[in-house]
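All remarks here apply to the structure that follows.
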Amino acid sequence: MKASATQAAWSVRLAVADLTHAPIRSMLDCIGMAAVLALLIVMWGVKTGLVEGFATQRLETAEGLRVYVTAQSPISLDQVTWLRRQPETAFVQPNISFSNSRGLMQVMHAGSVVRSDVLLLPTGAGDPHLPQGIGAPGPGEVVLGDDTAQALGLKQGDRLQLLMDARSADQSEHRTLLVRGIARTSRWFDRVALLDPALVLEIEARATGAAPALQPPQSYASVRLYARSSQDVARLVSRMRGEGWNAQARELLINERKAIEALVASIFWTIFLLAAAALSVIIGLGLVSRAQSLVKPLMAMRVNGMTRLAVMAVPFVQAGLQSTLAWLIAVSVSYGVATALNTLLPVWLDIIDVTSQPCIIDPGVVLIIGAGLLATTLAATAAAAPFFDSSRDLKGAVG
Amino acid sequence: MPPQILRLEACRCVLSDGARRFTLEARNMTVAAGERVAIVGPSGIGKSTLLEMLCLLRAPDQGVQFEFDDGETMLDLLRAWQRHDERMLNGLRSRRLGYAPQRGGYFPALSVDMNALLRGDLAGQERSRTRKMTDMLARDLSLTSRERSARPDRLSAGERQRGVLLQAMVHSPALVIADEPTAALHPTQAEAVLRVMAGRCAAVGAALIISTHDIELARQLGFRLIVARSTASPGMVETTFDGRT
């Protein structure tokens with residue numbers, strides 16, 4: 001047992017000594033492997049960040065998920081219920097008018113009145129336009145679009161007045177509303193306010209001079225419909241068309257995403273294959289070089305009584321040490337490159353409305369790539385084992 | 001009568017370079033503990049090949065008897081080779097044998113001292129004893145501390161040769177085999193080194209087998225000579241090392 005431990009300890013010691021004996025060659029081997037690995041890790045990070053995060057975030061905005069419904073006849077309550085029940089549906093908001101209602105909002109600032117004409121959108125729980133963590137506004141509340149809030153100089157928790165009818169601003173009845181939150185809607189709508197549907201109905205009734213309805217309407221002129229994800233948009237549109245709906249989505253965006261995904265995937269796999277080939281060459285050259293310098297000294301160790309197992313362990317320990325060192329270098333470089341990309345790319349591309357980072361390095365992937373490298377180098381060493389197997393021809397030790 | 005360490009009878013190795021066939025035979029070869037044996041003969045006759053067979057690097061292709069003392073009994077090595085008994089052969093190589101080849105025989109990434117430490121560890125020798133033996137042999141072989149701490153490829157041929165001899169004796173083996181141990185040394189240094197080897201082996205009762213061209217020095221130091229005899233015929237060279245000559 002003690003003899004085996006001694007032999008094992010010397011295997012490690014000889015492996016390390018041989019690596020440090022020719023430090024430049026050893027470091028070049030490591031740097032070669034690390035360069036290829038770093039490329040792979042960064043590529044994977046860009047694939048994850050740019051496509052699955054960045055592009056998804058650009059496309060999976062509220063309006064990217066919207067399905068536009070054009071109805072020739074009023075949409076019944078049953079139809080709205082059917083839409084709501086579809087597994088791809090995230091949110092449905094029926095509207096009694098074809099076009100969205102408009103209203104006037106005002107607020108007092110330093111003795112003067114600031115007014116803004118805004119689009120009034122009925123909303124409810126699950127509306128993707130509502131900011132995260134902010135529920136649907138109640139009867140006395142409003143969620144303002146970011147440009148509306150800016151125009152009125154309001155922030156969350158402030159109060160404003162909504163004019164309830166079409167008479168002149170001074171004579172109109174108004175209602176005070178609490179700003180429940182600010183939504184980032186300016187990319188899609190020009191000055192919008194999200195309100196409780198009952199309040200919008202009341203304003204629409206006043207606008208047309210009708211008495212406010214006591215019961216919810218049984219049919220609607222239009223619906224605001226959103227799918228759960230960009231993949232669900234296509235499925236929902238297809239399902240609706242199958243049921244006779246005239247439904248459309250921003251297919252251009254979806255196709256754009258698919259094209260980006262396909263492009264990046266093909267670039268990634270091309271580089272991956274090239275990198276794998278480069279890695280194989282680097283590992284192969286390293287093994288040949290190591291075999292040339294190591295075989296004779298290892299034979300000498302066999303002559304001195306080192307066991308075949310202990311001698312064969314030397315190139316394996318070296319492969320393990322070199323691949324681990326290469327992996328550590330690659331991880332450090334990759335995180336550095338990722339940080340630089342995440343800092344500089346949004347500035348270069350002038351991206352302000354996407355919070356996802358363009359290069360996301362997943363530690364799990366980094367570990368898998370490291371394990372892959374270790375397995376590859378050990379497998380290559382195992383394949384080259386006959387070259388290192390000094391027990392076959394000990395007399396060569398003295399030639 | 002000192003116990004025998006090694007016993008060979010009609011052990012043959014057959015080599016070929018394509019055009020010619022070389023046959024080497026060791027006959028009536030017995031080596032006792034404490035004995036000094038010098039293998040002599042012209043270059044290329046097969047002295048190194050014989051030493052490789054004696055130090056268990058090369059299996060004989062044929063043989064009647066090849067026995068080696070493991071400290072308790074004489075082990076049948078013809079059988080061990082046939083059975084590929086690496087455990088037995090490795091045990092003898094590590095503990096009972098010390099071999100100093102003409103070239104190589106060390107790990108180039110380790111210093112002379114570290115190579116000696118490795119040799120002692122492989123023989124299962126206590127490190128304190130290995131260090132003590134290294135100091136003593138280094139002093140006797142005139143290796144300076146600079147030479148001892150240097151890697152072998154940074155040393156001259158003579159320094160390297162002495163380093164390898166140190167390594168072959170550091171674990172006090174029962175049989176020390178050295179292939180032309182003084183070839184790279186100045187004549188005066190060669191005699192001193194050979195005296196150190198002979199003295200060291202005598203001190204621990206080890207047998208010493210060398211190959212050499214310096215017959216006079218070998219005789220002077222009490223080596224029994226085994227002279228190679230060779231006969232050549234078209235396409236064939238036969239060399240015999242007879243222990244009774």
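Naming convention: chains lettered A, B, ... in sequence-line order (proteins, then strands); numbering from 1 in each chain.
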What part of [X] is in contact with chain A, defined as an atom under 4.5 angstrom from a non-hydrogen atom: side chain, backbone, both or neither?
X	answer
B/M114	both
B/D179	neither
B/R87	neither
B/L118	both
B/F107	both

By side chain to side chain contact (heavy atoms under 4.5 Å, CB included) - contacts of B/A178 (at least two apart) | B/A100, B/L165, B/P181, B/M197, B/I210
Please check if any side-chain donor atom of B/N90 sits under 3.5 Å from a side-chain acceptor atom of A/R308, or the reverse.
-> no
Are any side-chain N or O atoms of A/W327 and backbone N or O atoms of A/V366, one a donor and one an acceptor, separated by less than 3.5 Å?
-> yes
Is chain B contacted by the side chain of A/L19, its backbone, both, or neither, given a heavy-atom distance below 4.5 Å?
-> neither
Begin with the C-alpha distance, continue with both residues' side-chain angles, and end with the deciding distance and a verdict on side chain to side chain donor-acceptor pair (under 3.5 Å) for A/S293 and A/R25.
-> CA-CA 11 Å; A/S293 67; A/R25 192 195 71 191; 3.3 Å; yes
Is it the case that more than 12 heavy atoms not belonging to A/L309 sit under 6.0 Å from its CG atom?
-> no
